[in-house]
Amino acid sequence: MRILIGEVKNHIDKEVEISGWTQNIRTMSTVLFIELRDVSGTVQGVLLKKGNEELFETLKALPRESVLSMTGQAVKSQAKIGYEVQIKHLDILNRAETPLPLGVVDKIESDIETRLENRFLDLRRPEKLSIFKIQSTISNSIRNFFVNSGFIEIHSPKIVAAATEGGTELFPVKYFEKNAYLSQSPQLYKEMMMSAGFDKVFEVAPAFRAEEHNTPRHINEFTSIDMEMSFVSDEGVMDVLENVVKTAYKAVSDTNERELEILGVPKPNLDYRFRRITYSEYVQMANQKGIALNDGEDLSTQVLKTVGGGIKEFYFITRWPRELKPFYVQPYDEKYSRGFDLQFGELEITSGAQRVHSPEVLINNLKSKGLNPDSFSFYVNTFKYGMPPHAGWAIGLERLTMVLLDIANIRETTLFPRDRTRVTP
Ligand code: ATP
């Protein structure tokens with residue numbers, strides 16, 4: 001029975017069957033070494049020429065990255081990892097063409113466009129694989145957190161008739177004789193679930209944004225982890241967010257030691273404080289740094305860089321001006337709202353809020369943002385017949401992975417990124 005290469009160490013002096021990709025083949029006059037790689041690691045297979053002349057010659061000419069399967073004796077040896085497999089039987093399952101469009105074991109990495117163009121080969125590199133093993137831990141631990149805390153997982157529609165925020169960042173879809181859009185956020189639906197009495201919901205799903213700009217932190221399709229809870233304030237869901245991030249960090253720390261080592265990244269810090277800074281305090285911090293910024297102005301990338309760039313930990317920016325937040329955010333007072341963002345350094349990774357629950361406030365807010373409440377009637381109606389107070393947030397899975405692994409470009413934390421110019425592979 002096939003075992004993973006990473007398990008060979010537990011089978012020393014026994015026969016093992018392993019399969020994978022040939023990273024490298026070295027020959028001496030009488031012996032041949034095959035470096036075989038699978039999802040769990042690499043090991044060296046050894047074949048003596050004597051008695052295996054034909055196979056020896058075939059393997060000598062076998063291109064890198066061909067797929068094969070071997071059985072043999074696992075033995076302690078001089079090999080770097082301390083053991084190897086003495087090949088008894090070997091099957092070539094698929095021969096790779098040459099030359100490879102992208103080297104897998106080359107020390108020097110190709111440019112990102114070439115790598116993305118040949119992403120399946122790029123992902124064979126243990127560093128790239130490690131990013132996505134860690135991302136899997138992050139999303140699973142968060143999903144488990146929600147399930148264990150009594151949240152209901154929902155799947156809201158991704159083809160929608162109205163924009164969440166009436167923005168222009170929408171991809172139109174032809175929906176038979178109607179016009180529809182790809183969903184930019186499950187916002188309206190998760191709120192409707194509060195009126196439906198679901199109490200606590202979460203969703204992990206793609207969100208589509210037709211943003212034209214090409215930046216290292218935006219992609220046009222990302223994975224949004226959304227939650228919404230009833231009978232809770234903005235402060236309450238910030239507490240939950242803190243616990244969610246800590247849970248993900250702990251899970252990675254506990255399960256991905258090998259991947260962190262491959263990536264050369266220290267174990268995630270489990271002692272972050274999650275300071276809560278109001279928007280107005282943030283403006284003062286900017287002013288103290290000599291930036292001319294008025295209370296009420298949006299925080300530009302440049303401001304976030306200058307003020308937040310040095311804060312190498314998580315912090316919330318709370319009580320944003322109502323003007324700068326969408327219509328569904330609950331007012332705090334005349335000027336400020338119960339909307340918040342979670343930042344790490346200069347990067348925003350979550351935005352959330354206590355939401356409006358009064359239908360009158362909602363309709364006023366829609367109008368004051370220049371939106372027509374009638375085009376949101378499916379949503380507004382759910383407020384008229386008993387909408388509880390509620391709050392929630394959305395965190396970008398790719399951005400959280402960037403922060404945890406200190407990766408600068410979101411394309412590296414996305415399997416097959418969709419950006420301004422890329423829709424394949
Ligand atoms: P930004 O200001 O960075 O463009 P946003 O304010 O549009 O983000 P929200 O609509 O509040 O973001 O989305 C919530 C979260 O979803 C963000 O904090 C981020 O983690 C993630 N997110 C939003 N847009 C993108 C995107 N284009 N690419 C990747 N992640 C995104």
Side-chain angles (χ1 to χ4, degrees), residues 135 138-139 142 156 160 163-171 181-191 202-228 234 237-238 241 244-245 248 274 279 282 297-305 308-309 314-318 320-321 323-329 337-355 369 391-405 407-423:
Q135 191 169 76
I138 297 174
S139 55
I142 294 179
S156 66
V160 296
T164 309
E165 295 172 31
T168 50
E169 296 165 351
L170 289 165
F171 287 110
Y181 304 96
L182 292 180
S183 162
Q184 63 184 164
S185 154
Q187 180 65 34
L188 307 185
Y189 290 92
K190 60 181 184 171
E191 287 196 69
F202 79 99
E203 177 165 7
V204 182
F208 306 91
R209 303 274 168 102
E211 287 155 317
E212 295 254 359
H213 48 282
N214 242 335
T215 82
R217 60 179 201 288
H218 289 95
I219 37 178
N220 297 103
E221 176 179 351
F222 67 94
T223 304
S224 186
I225 304 178
D226 273 83
M227 66 84 96
E228 200 70 29
D234 46 345
V237 289
M238 281 191 260
L241 179 53
V244 161
V245 173
F274 292 80
Y279 162 89
Y282 200 90
E297 265 182 80
D298 205 354
L299 306 178
S300 67
T301 310
Q302 198 47 49
V303 170
L304 289 171
K305 239 186 203 144
F314 291 99
Y315 60 95
F316 288 97
I317 305 178
T318 64
W320 281 73
E323 287 265 308
L324 298 177
K325 285 288 171 188
F327 63 83
Y328 48 77
V329 173
S337 74
R338 292 192 176 271
F340 61 84
D341 285 354
L342 178 67
Q343 299 276 138
F344 188 98
E346 63 191 72
L347 188 68
E348 177 202 314
I349 58 167
T350 309
S351 60
Q354 182 176 333
R355 326 292 191 187
K369 299 269 175 193
W393 45 253
I395 188 165
L397 177 62
E398 297 83 359
R399 287 206 191 162
L400 181 57
T401 314
M402 285 169 81
V403 167
L404 197 149
L405 297 177
I407 289 175
N409 190 338
I410 195 164
R411 290 161 187 77
E412 301 285 1
T413 64
T414 311
L415 268 186
F416 295 101
R418 298 292 176 248
D419 64 20
R420 183 67 188 80
T421 49
R422 182 173 288 285
V423 265

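Order of appearance sets the numbers: ligands from 1, and atoms from 1 within every ligand. Atoms considered below: every heavy atom in the structure, side chains included; atoms not considered: hydrogens, waters and symmetry mates. Everything numeric here is computed off the predicted structure, so don't read it as measured data.
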I'd like to check which ligand 1 atoms, numbered from 1 as shown, lie under 4.0 Å from a non-hydrogen atom of Arg209. 7 (O), 9 (P), 10 (O), 12 (O), 13 (O), 23 (C), 24 (N)

Does any N or O atom in Ile395 lie less than 3.5 angstrom from one in ligand 1, N or O only? no

Heavy-atom side-chain contact between Ser156 and Glu203 under 4.5 Å: yes

Heavy-atom proximity to atom 4 (O) of ligand 1 ranks first, among Glu221, Lys325, His218, Gln343, for His218

Please examine the side chains of Thr401 and Ile410, heavy atoms only from C-beta on, and report whether any two atoms are closer than 4.5 Å. no

Need the ligand 1 atom indices (1-based, order shown) with element for anything under 4.0 Å from a heavy-atom of Arg217. 28 (N), 29 (C)

Any atoms of ligand 1 less than 4.0 Å from a non-hydrogen atom of Ile349? List them with their elements. 17 (C), 18 (O), 19 (C), 20 (O)

Heavy-atom gap Ala394 to ligand 1 smaller than 4.0 Å: yes

CD of Gln343 to OG of Ser351, rounded to nearest 0.5 Å, is 10.0 Å

Should you measure from each heavy atom of Glu211, which atoms of ligand 1 turn up under 4.0 Å away? 4 (O), 27 (N)

Out of Thr215, Ile410, Ile219, whose heavy atom is nearest to atom 26 (C) of ligand 1? Ile219

Taking the inter-plane angle between the rings of Phe314 and Phe344 on a 0 to 90° scale, is it parallel (under 30°), tilted (30 to 60°) or perpendicular (over 60°)? perpendicular

Roughly how far apart are Thr301 OG1 and Leu347 CG, rounded to 0.5 Å? 10.5 Å

At less than 4.0 angstrom from any non-hydrogen atom of Thr350, what atoms of ligand 1 do you find? 18 (O)

Looking at ligand 1, would Glu398 count as a contact under a 4.0 Å heavy-atom criterion? no

Please identify which atoms of ligand 1 are closer than 4.0 Å to at least one heavy atom of Ser351. 9 (P), 11 (O), 14 (C), 18 (O)

Using modelled atom types and a 3.5 Å cut-off, is there a donor and acceptor pairing between side-chain atoms of Thr215 and backbone atoms of Arg217? yes

Geometric class of the Phe340/Phe316 ring pair [parallel <30°, tilted 30-60°, perpendicular >60°]: perpendicular

Working to the nearest 0.5 angstrom, can you tell me the gap between Lys305 NZ and Leu299 CG? 14.5 Å

